[in-house]
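Here is the structure we will look at.
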Amino acid sequence: MAILNNGGAAAGAAAEQRASRVAPGASGAPVLSAHELRKRYGEAEVVRGVSFSIEAGECFGLLGPNGAGKTTTLRLALGLAQPDAGSITLRGFAVPQQARLARARVGVVPQMDNLDPDFTVAENLLVYGRYYGLPEREIRARIPALLEFAGLTARAGARIQALSGGMKRRLTLARALVNDPEVIFLDEPTTGLDPQARHLIWERLKTLLGQGRTILLTTHFMDEAERLCSRLAIMDAGRIIAQASPRQLIERHIEPQVVEVFGEGVRDWAREHARGLASRIEETGETVFCYAARAEPLLSSLTARSSLRYLHRPANLEDVFLKLTGRELRE
Amino acid sequence: MRHRYLPPSVTPRFVPVWRRNFLVWRKLAVPSILGNFADPLIYMLGLGYGLGRLLPEVGGMPYIVFLAAGTVCFSTMNSATFEALYSGFSRMHVQRTWEAIMNAPITLDDVVLAELLWAASKSFLSGLAILIVAWALGLAASPLSLAILAVVPLIGLAFAALALVITSMAQSYDFFMYYFTLVITPMAMLSGVFFPVSQLPPALQSLSAALPLAHATALVRPLLLGEAPAQWPLHAAALAAYALAGFYLCVILFRRRLLQ
């Protein structure tokens with residue numbers, strides 16, 4: 001470290017690139033592991049003993065309502081905030097002590113776009129590559145492929161203000177790849193995008209996983225988590241309250257069948273009939289959610305009642321999420 | 001929280017950040033140079049020749065010469081201050097450029113150093129522009145006036161560092177008005193920019209002796225006339241102290257703000 005601190009920028013960068021190639025999980029060690037992390041802001045402890053570990057090539061999702069501590073956990077893992085307690089290892093480096101070395105091959109897609117508005121699309125990639133101390137030639141050689149990956153080849157000279165929300169996100173993703181990262185952190189990568197743009201981002205993330213890269217993403221979209229993540233941790237109020245694959249979470253925490261019922265007299269029906277037919281019932285507003293191993297008894301009870309409308313579907317991650325984190329609004 | 005008060009740890013990794021600001025400036029160089037250069041120049045020539053005609057001598061020299069030395073300092077101060085306040089705040093807060101940079105392997109300390117050096121670099125151009133005009137008009141003929149080229153960066157560093165302290169505490173651009181109205185403008189009146197410090201009442205004179213801009217004019221004015229400034233090591237050390245103390249303080253405040 002001493003040499004890196006005092007040496008020239010290029011020499012330091014080269015050494016970090018070398019160091020960063022040797023370090024990571026060739027030995028099968030996790031790419032990222034967090035142990036008993038704690039972080040307090042004033043009176044509020046926003047991360048309260050979080051532990052998880054991510055293997056190379058995995059897509060790991062941190063799922064939770066607003067204010068659950070997801071973004072703080074990411075900041076801690078990147079070494080951008082100091083934990084009050086606990087330890088973090090990223091790509092074999094201790095964080096925050098060696099965070100700079102760790103970040104040499106990490107890409108970050110932040111929650112809010114922070115592309116550089118003073119530069120064009122291609123210049124954003126070039127200028128960002130320089131922050132990694134990469135040789136000019138190497139960055140310039142990578143830019144065409146990055147533009148193509150982002151579907152922005154025709155927009156290379158465009159100003160950032162002229163891009164749509166989806167284009168900006170794709171450029172931010174491409175920018176996060178400029179240092180050929182082993183791990184990519186994405187903080188709510190598709191929030192605010194239309195369905196087409198979201199699907200395009202998901203396809204790109206699958207491509208990256210196919211290249212063997214590791215992904216850590218935070219989201220509060222269940223379909224996103226279910227689609228992309230091999231493993232998930234559900235966070236609430238600073239703690240991980242469940243951790244498994246999406247399928248396992250559904251199997252472990254929720255009945256397989258869901259019948260959502262609403263309409264005139266739904267509460268009476270729930271009290272008089274559904275209680276005996278469903279293993280669990282949740283009432284919220286005008287809707288009654290019935291969770292059951294078998295849906296047929298519920299459905300036949302419902303066909304007789306024309307005032308009630310219903311939707312029968314298999315249980316999904318959102319049901320698990322709502323069961324574990326509750327239905328109240330989080331502001 | 002102890003690490004928050006550690007001295008800034010800076011590395012050559014600040015260079016790409018400085019370069020980023022330089023590249024943006026280059027795109028807008030023409031209006032930027034005009035703004036930094038034309039405005040103080042018009043004041044200097046207008047007041048120096050217009051008002052100067054009414055005055056026999058100020059501080060033992062023609063008023064335009066007196067004012068030229070003051071304008072080099074004033075213009076450098078303003079340019080460094082504006083850059084570190086408004087543009088610095090844009091990059092830190094509005095555009096989140098710092099946040100993006102710190103996701104790469106660059107630390108906050110290096111980002112702040114880059115901002116400090118960038119604001120000082122930009123202000124150097126402002127001071128230099130006035131100096132070139134002074135040379136061209138024959139207001140400064142001595143080779144000793146070349147030494148001003150070494151003083152201007154010190155002035156720029158001192159005021160950039162002080163302005164970054166303000167930026168580190170700002171919640172919006174409006175906050176900077178306090179700094180201009182309560183600090184920068186009074187300082188310009190108390191530091192021998194437009195008239196000699198000896199015109200001030202004694203109490204203000206001793207206040208003036210502590211101001212960074214007064215140290216700047218105490219160095220630049222004699223050099224412009226081709227004289228070695230009295231007590232020049234003291235004045236240079238005072239400017240350096242403002243720069244170093246301001247840098248240290250703003251790094252602590254930026255850490256508190258951004259590395260929570």
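Note on naming: letters A, B, ... go to the chains in the order of the sequence lines (proteins, then strands), and numbering restarts at 1 for each one.
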- Task: Answer yes when Glu182(A) and Arg213(A) have at least one side-chain N-carboxylate O distance shorter than 4.0 Å, and no when they do not.
- Result: no
- Hey, which of Arg255(B), Arg91(B), Lys27(B) has the most heavy atom pairs under 4.5 Å with chain A? Lys27(B)
- Task: Report the option among Leu80(A), Val178(A), Asp113(A), Val106(A) that has the most heavy-atom pairs separated by less than 4.5 Å from atoms of chain B.
- Result: Leu80(A)
- Looking only at Val127(A), Val108(A), Leu115(A), Leu78(A), most heavy-atom pairs under 4.5 Å shared with chain B are made by Val108(A)
- Task: Measure the spacing between OG1 of Thr172(A) and CD of Gln111(A) and express it to the nearest 0.5 Å.
- Result: 12.5 Å
- So how far is it from Asp180(A) CG to Arg142(A) CZ, rounded to the nearest 0.5 Å? 5.0 Å
- For Glu188(A) and Thr219(A), the nearest pair of non-hydrogen atoms, with its separation, is CG-CA, 4.3 Å
- Query: Within the side chain of Lys70(A), is there an N or O that forms a donor-acceptor pair under 3.5 Å with the backbone of Gly64(A)?
  - Reply: yes
Proximal component of [X], with respect to chain B [non-hydrogen, under 4.5 Å]:
{"X": "Tyr128(A)", "value": "side chain"}
{"X": "Asp116(A)", "value": "side chain"}
{"X": "Phe119(A)", "value": "both"}

- Contact part of Leu108(B) toward chain A, heavy-atom cut-off under 4.5 Å: side chain, backbone, both or neither? neither
- Query: Are a donor atom and an acceptor atom from the side chains of Arg175(A) and Asn114(A) found within less than 3.5 Å of each other?
  - Reply: yes
